[in-house]
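Report on the following structure.
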Amino acid sequence: MSISHQERTIISLIKSCTKKSHLLQLHSHLLRTSNFYNPTIFLSFLSRFALPPLRDLSYSSRIFAEFSQPNVSLYNTMIRAHSLNHESARTGLLFYQELLHLGILSNAFTSTFALSCCMKIKCLLNGLQIHSRILKDGHLCDSFLFTSLMDFYSCLDKGAEACKLFDEMSHRDTVAWNVMISCYMRSGRKRDVFPLFDMMRNSNGCQPDDVTCLHVLQVCASLNALEFGTKVHKYIVENGINTGRNVFNSLIAMYSRCGCVEKAYDVFKQMDNKDVVTWSAMISGLASNGYGRDAIEAFELMLKEGISPDDQTFTGVLSACSHSGLVNEGRKFFNSMKTNFGVRPNIHHYGCMVDLLGRAGLLEEAYDLINSMKIQPDATMWRTLLGACRIHLHVALGERVINNLIELKAQEAGDYVLLLNIYSSLGNWDKVIEVRKLMKDKGIQTTPASSTIEWKGKVYEFVADDISHPRKKEIYEMLDEINQQLRIAGYVSEITSEFNNVDSRSKQYVHSYHSEKLAIAFGILCTPPGTTIRVAKDLRICVDCHNFSKMVSAVYDRKIVIRDRNRFHHFQGGQCSCNNYW
DNA sequence: GCACGCCCGT
């Protein structure tokens, strides 16, 4: 059905309105000239008001209710409008149910928007109903809807369902692969993402796009998979995946997270359209790799370029100060961020400050800062302070902090271990026994730490005392040999103050088989002298493994880079880049 | 050429 010239003129007028007031003026004009309730014009008007940038849900709901002959297009617009955020998604589903109730025929768009509502409010049941209706109406041939459905299942932790749909798909497009990848990431199957990327490249019909690369780079960063990340970088360059800045921003983050800040800087340097995200990524990268001064310099350069910092920029800047022990600078930035840049401190900013002050030994100041916050402190914040209590062996505050964690019902084994370590460092064995008994009584399990190492583009994961690896015999033999060599070189296992596995009867035994040692042994096994071994650990490295790594780097002539959480330890020739263990 | 869609950067 074609539309008249007059209708077209009015619609282009509606589209040209960039302000609500203009639209409202137009509204009264259209009412006066009896054009408003023309279905074509009404739809155009409603969608202008229901969707960003002028989105006004209550206003659009009101005029929608005034319209006497709602059709599927108008309902779609209303469902779509309400699917955009969590608060309104339930209302979106009400519109969907109303449409079904009125017997109006839905289309693929309707289901896509309704599914999007279900994802926002995590409602599996409604989604299942929509799925069966999609099948009944024969709408599953719509590829957008198909991938929405996959994403819906993935979002609701039904990864198996998403996989099933993917397997059934006759023509997988790029988005379907992307949804599958994000599904793996969500469900903790990060290591399976790499083969998926390779399969996608070898598939016919579609190739990885910018979104694929964003996903895969995120996985590389998280798994410390430099080799695969470099491969993705090559793919990006060779295939011209540079539609926006996003991919390059992610490359900066990936290289930084893999401990290659030089590579990150190479990418950064060659970008001629750096935005606030680019700068923030670079600043954070420099910060986490221990280049605090350079991070601050980058921040100042960014200001000179006329880019306004945002909250994430300050997270980077403050973490730079905390990683490099720049207490005064940190205080200065923290105090100026709101007044000079209009960025209100959030929980991450406070967290950086607590870390900064805590590491500097200003424990009371850190504690006061937490208590002065307008926002509720979370478990991470208390844990940061507890870590500082461990460094400075501050028993009294450590006990207070543990109580705060218990109040939050967030206490974990690691927290008690930190407290335990404070007591044992001070030789307070009665307290050590007491805490261990407490942990036993409460049934608190230590979560096994894991270390990952990449070899030939594949990521291997080890946990303490791991026996699951196919080459375990070789690895354990190598570890024994290393221990022997290190003993000859004068290494003594330090077991007095640090132990992560409190259930162990034999500390010495557990030390020998910490996950990072297994990963390093595997690395020595696989690589020739002169190469770099990169290990990522989810918990903090212990002082014994730190010494061990130092020695191995000298005796076996390897560079060893260990990332524990978000800090890097670079070992070379028997030295570590960080001056002390902490 | 009447609106509307899936995956997404620090």
Side-chain angles (χ1 to χ4, degrees), chain A residues 1-4 7-8 10-12 14-15 38-52 60 71-81 83-84 107-116 119 139 142-152 154-155 162 165-166 172-186 206 208-218 221 243-254 256-257 264 268 271 274-288 302 309-317 319 348:
Chain A
M1 201 171 61
S2 66
I3 57 169
S4 74
E7 283 168 333
R8 191 164 302 173
I10 294 172
I11 287 163
S12 64
I14 292 171
K15 281 187 179 169
N38 170 317
T40 310
I41 291 169
F42 186 78
L43 175 60
S44 170
F45 191 85
L46 181 74
S47 48
R48 197 84 183 104
F49 246 124
L51 301 168
S60 37
N71 56 31
V72 63
S73 302
L74 293 171
Y75 269 103
N76 284 355
T77 305
M78 292 312 284
I79 301 167
R80 165 77 181 135
S83 75
L84 295 179
N107 59 27
F109 282 98
T110 322
S111 309
T112 309
F113 301 144
L115 278 174
S116 167
M119 290 201 267
H139 287 157
D142 184 300
S143 74
F144 275 42
L145 180 50
F146 198 103
T147 43
S148 295
L149 195 59
M150 277 176 62
D151 196 41
F152 160 76
S154 153
C155 262
L165 282 168
F166 184 72
R172 294 174 188 140
D173 60 10
T174 299
V175 177
W177 284 94
N178 291 349
V179 171
M180 210 54 241
I181 288 173
S182 81
C183 179
Y184 275 8
M185 291 165 70
R186 240 192 293 257
C206 70
D209 66 355
D210 53 337
V211 178
T212 322
C213 294
L214 291 174
H215 280 138
V216 179
L217 287 175
Q218 226 175 300
T243 42
R245 277 170 284 228
N246 307 14
V247 171
F248 288 99
N249 292 343
S250 285
L251 276 171
I252 295 173
M254 183 276 290
S256 303
R257 290 274 286 150
F268 175 83
M271 286 175 70
K274 303 178 185 73
D275 65 356
V276 62
V277 179
T278 316
W279 283 96
S280 304
M282 195 65 241
I283 291 168
S284 301
L286 289 165
S288 60
M302 168 185 160
D310 64 6
D311 52 341
Q312 302 256 31
T313 320
F314 278 104
T315 306
V317 170
S319 87
H348 302 291

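We name chains A, B, ... by the order of the sequence lines, and we start the count at 1 in each one.
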(request) Output the single nucleotide from B/dC2, B/dC8, B/dG5 whose closest atom is nearest the side chain of A/Asn246. (result) B/dC8

(message) I'd like to know if A/Ser148 reaches the base of B/dC6 with its side chain, counting only an N/O donor and acceptor under 3.5 Å.
(response) no

(request) Considering just the side-chain nitrogens and oxygens of A/Lys15, establish if one lies under 4.0 Å of OP1 or OP2 belonging to B/dA3. (result) yes

(request) Report the nucleotide, chosen from B/dC8, B/dC2, B/dC4, that has the shortest atom-to-atom distance to any side-chain atom of A/Arg80. (result) B/dC4

(message) What is the distance, to the nearest angstrom, from the CE atom on A/Met185 to the P atom on B/dC7?
(response) 14 Å

(request) Is it possible for you to check whether A/Arg172 lies under 6.0 Å from the centre of the six-membered ring of A/Phe166, through NZ or CZ, and within 45° of that ring's axis? (result) yes

(request) State whether the distance check finds a donor on one side and an acceptor on the other, under 3.5 Å, for side chain A/Asn76 versus base B/dG5. (result) no

(message) Under the rule for ring-ring contact (aromatic ring centres under 6.0 Å, His included), what residues qualify as partners of A/Tyr75, not counting sequence neighbours?
(response) A/Phe64

(request) Quick one: label A/Leu51 by what it contacts on the DNA or RNA (base, sugar-phosphate, nothing), any heavy atom closer than 4.0 Å. (result) sugar-phosphate

(request) Indicate whether any N or O donor in one side chain lies under 3.5 Å from an N or O acceptor in the other, for A/Asp142 and A/Asn107. (result) no

(request) Starting from P on B/dA3, measure out to CE on A/Met78 and report it in whole angstrom. (result) 17 Å

(request) For A/Thr77, report the nucleic acid contact type (base, sugar-phosphate, nothing); a contact means any heavy atom under 4.0 Å. (result) base

(request) Tell me which nucleotide among B/dC2, B/dG5, B/dC8 gets nearest to the side chain of A/His215. (result) B/dC8

(message) Just the rounded figure in Å: distance from C1' of B/dC7 to CZ of A/Phe166.
(response) 12 Å

(request) Go through B/dC6, B/dT10, B/dC7 for me and flag the one nearest to the A/Thr112 side chain. (result) B/dC6

(message) Under 4.0 Å, heavy atoms only, any strand: does A/Asp275 hit a base, just the sugar-phosphate, or nothing?
(response) base

(message) Is a donor from one side chain sitting under 3.5 angstrom from an acceptor on the other, for A/Thr174 and A/Asp209?
(response) no

(request) Using a 4.0 Å heavy-atom cut-off across all strands, classify A/Ser47 as base, sugar-phosphate, or nothing. (result) sugar-phosphate

(request) With heavy atoms under 4.0 Å as the rule, sort A/Ala176 into base, sugar-phosphate or nothing. (result) nothing

(request) Please work out if A/Arg245 contacts a base, only the sugar-phosphate, or nothing of the nucleic acid, heavy-atom cut-off 4.0 Å. (result) base

(request) Take atom NE2 of A/His348 and atom P of B/dT10, then tell me their distance rounded to the nearest Å. (result) 13 Å

(request) Rounded off to whole Å, could you give me the CZ-to-C1' distance for the A/Phe109 and B/dC2 pair? (result) 12 Å

(message) Starting the side chain at C-beta, find the nucleotide from B/dA3, B/dT10, B/dC4 nearest to A/Phe113.
(response) B/dC4

(message) What is the separation between atom CG on A/Leu149 and atom C1' on B/dC7, rounded to the nearest whole Å?
(response) 14 Å

(message) Could you work out, with salt bridge (charged side-chain N to carboxylate O under 4.0 Å, His left out) as the rule, every residue matching A/Asp311, not counting sequence neighbours?
(response) none

(message) Closest approach to the side chain of A/Thr147, judged atom by atom: which nucleotide of B/dG9, B/dC6, B/dG5 is it?
(response) B/dC6

(request) Classify the nucleic acid contact of A/Val175 as base, sugar-phosphate or nothing, counting any heavy atom under 4.0 Å across all strands shown. (result) base

(message) Walk me through whether A/Thr112 and A/Leu149 qualify under side-chain contact (heavy atoms from CB on, under 4.5 Å).
(response) CA-CA 8 Å; A/Thr112 309; A/Leu149 195 59; over 6 Å; no

(request) Could you check how far CH2 of A/Trp177 sits from C1' of B/dC8, rounded to whole Å? (result) 19 Å

(request) Please confirm whether any donor atom in the side chain of A/Ser250 sits under 3.5 Å from an acceptor in the base of B/dG9, or the reverse. (result) no

(message) Any base atoms under 4.0 Å from A/Ser73, or only sugar-phosphate, or nothing? Heavy atoms, all strands.
(response) base

(message) Please report the distance separating the C1' of B/dC6 from the corresponding atom of B/dC2, rounded so that it comes out in whole Å.
(response) 23 Å

(message) Applying a 4.0 Å non-hydrogen cut-off, can you work out what A/Asp173 is touching in the nucleic acid: base, sugar-phosphate, or nothing?
(response) nothing

(message) Does any part of the side chain of A/Leu74, heavy atoms only, come nearer than 4.5 Å to the side chain of A/Leu46, both counted from C-beta?
(response) yes

(message) Just the rounded figure in Å: distance from P of B/dT10 to CZ of A/Arg257.
(response) 10 Å

(request) Could you give the distance separating B/dG5 and B/dG1 at their P atoms, to the nearest angstrom? (result) 16 Å

